[in-house]
Number of protein chains: 2
Amino acid sequence: MAEPANRPDLAAMIVPLGRSLMAAEQPILAAHGLTMWAYVVLSHLSATPTRTQAALADAIGADRTRIIGVLDELQQRGLIRREPDPADRRVRLLSLTAAGRHLRETVSAAIQANEERLLAALAPADRRALLRSLRTLADLPRERLAGTD
Amino acid sequence: MAEPANRPDLAAMIVPLGRSLMAAEQPILAAHGLTMWAYVVLSHLSATPTRTQAALADAIGADRTRIIGVLDELQQRGLIRREPDPADRRVRLLSLTAAGRHLRETVSAAIQANEERLLAALAPADRRALLRSLRTLADLPRERLAGTD
DNA sequence: TATTGTTATACTCTATAACTATA
DNA sequence: TATAGTTATAGAGTATAACAATA
């Protein structure tokens with residue numbers, strides 16, 4: 001049996017921290033006319049070329065009906081391309097434009113600069129361990145997190 | 001100038017992780033007839049005696065009108081006490097009953113047992129560093145997180 | 001007049017259901 | 001018939017405004 005872990009729940013530390021980080025991003029995003037979802041979309045397309053809108057929605061944890069307005073605006077602003085796939089005209093191939101890639105890099109740099117300010121509160125070794133650990137946990141398959149395995 | 005930090009945004013790792021952790025808590029909470037907010041209230045009252053409902057709401061990041069229904073049910077189930085302060089009859093003094101304290105401990109143990117399963121994916125040193133770092137970041141004053149200082 | 005708690009209302013976000021077009 | 005995308009609608013969650021009691 002595990003000894004009684006005398007610590008706050010992991011979720012109780014992580015969820016409010018996530019909320020605060022999101023709140024800290026808000027002004028940066030607003031300065032570039034982006035909503036949080038728009039930024040998430042840009043980031044995901046930047047990292048992972050995605051074929052269908054449904055796959056994109058699933059990957060970023062959004063409902064597929066909800067990203068449509070987001071994509072509409074990103075396309076209208078020339079930040080993404082959304083072209084019918086010649087091989088299957090039902091699907092819209094999604095990709096970043098040069099402008100979209102550039103904007104995403106600019107915003108990401110600003111966001112990470114703010115985050116660096118916070119990470120400065122940690123000892124360098126802890127900071128590295130934190131990022132490494134978060135990556136490990138974030139990469140766990142969802143079933144493992146949910147405990148359904 | 002800081003070198004380009006080649007990492008995902010902190011928020012992009014933490015927020016989905018928090019969502020997953022919350023989802024993992026859901027069945028445990030439901031098994032004990034608790035909503036997330038109810039559990040948050042029990043946990044906070046367990047750790048920090050709180051005088052007014054407004055202070056409680058503020059501390060847990062909820063709107064003060066929103067916890068009323070939560071408190072109603074917790075009180076009705078005999079998990080918390082909510083007594084008018086004799087010194088100022090506007091305020092309701094909040095405290096856990098023995099039953100409330102016990103339930104909170106039971107649920108917390110179950111939640112942390114699941115979390116231990118996840119933390120097992122980390123090297124022991126990383127695990128310690130993660131918890132230490134999260135605590136440090138979670139304890140930062142909100143203004144520092146928000147970058148308004 | 002200001003504050004605690006409460007209720008009623010409006011708003012935002014999100015998910016569900018129904019539709020169009022392709023396959 | 002099944003799937004990608006879309007639109008319209010309904011639902012949950014949240015915040016705002018107005019109120020009663022007390023200070």
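In what follows, chains are A, B, ... by sequence order, proteins preceding strands, each numbered from 1.
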> What residues in residues 10-18 of chain B put a non-hydrogen atom under 4.0 Å from any atom of DNA chain C?
Replying inline: none
> How long is the gap from CD1 on A/Ile80 to CG on A/Asp72, to the nearest 0.5 Å?
Replying inline: 8.5 Å
> Rounded to whole angstroms, how far apart are CD1 on B/Ile60 and C1' on D/dA15?
Replying inline: 15 Å
>> Please compare A/Ala87 and B/Thr52 by the position of their nearest nucleotide in DNA chain C and report the one closer to 5'.
In response: B/Thr52
> So how far is it from A/Ile67 CD1 to A/Leu94 CG, rounded to the nearest 0.5 Å?
Replying inline: 7.5 Å
>> How many whole angstroms separate atom CG of B/Leu71 from atom P of C/dT4?
In response: 15 Å
>> Between C1' on C/dT3 and CG on B/Asp85, what's the gap in Å once rounded to a whole number?
In response: 14 Å
>> For A/His102, I'd like to know if atom NE2 has over 12 heavy atoms of other residues, nucleotides or ligands within 6.0 Å.
In response: no
> Which distance, rounded to the nearest 0.5 Å, do you find between the CD of B/Glu73 and the OG1 of B/Thr35?
Replying inline: 7.0 Å
> Would you say B/Leu17 and A/Leu10 make side-chain contact, with heavy atoms under 4.5 Å?
Replying inline: no
>> Could you check whether any side-chain heavy atom of A/Gln53 comes within less than 4.5 Å of a side-chain heavy atom of A/Arg64, counting everything from C-beta outward?
In response: no
>> Under 4.0 Å from OP1 or OP2 of C/dA15: is there any side-chain N or O of A/Arg66 that close?
In response: yes
>> Mind checking if A/Asp88 touches a base, just sugar-phosphate, or nothing, with heavy atoms under 4.0 Å?
In response: sugar-phosphate
> For the base of D/dT3, is there a side-chain donor-acceptor partner from A/Arg90 under 3.5 Å away?
Replying inline: yes
> Are any of A/Arg82's side-chain N or O atoms less than 4.0 Å away from OP1 or OP2 of D/dT6?
Replying inline: yes
> Within this structure, what is the CG-to-P distance between B/Asp63 and D/dT14, rounded to whole angstrom?
Replying inline: 10 Å
> Whole-Å distance between C/dT12 P and A/Gln26 CD?
Replying inline: 15 Å
>> Just so I know, are the side chains of A/Ile111 and A/Leu21 near enough to count as touching, which here means a heavy-atom distance under 4.5 Å?
In response: no
>> Just the rounded figure in Å: distance from C1' of C/dT4 to CZ of B/Arg89.
In response: 13 Å
> Relative to the 5' end of DNA chain D, which residue comes earlier, B/Ala62 or A/Ile68, by the nucleotide with the nearest heavy atom?
Replying inline: A/Ile68
>> So if I take every side-chain heavy atom of A/Thr65 and compare against C/dT16, D/dG5, D/dA15, which nucleotide ends up nearest?
In response: C/dT16
> Rounding to a whole Å, what distance do you find between B/Gln75:CD and C/dT6:C1'?
Replying inline: 14 Å
>> Just the rounded figure in Å: distance from C1' of C/dT22 to CD of A/Gln53.
In response: 15 Å
>> If the cut-off is 4.0 Å, is B/Trp37 near the phosphate of D/dT14, judged by side-chain N/O to OP1 or OP2?
In response: yes
>> Tell me if the side-chain of A/Arg64 makes a donor-acceptor pair with the base of D/dG5, cut-off 3.5 Å, by modelled atom types.
In response: yes
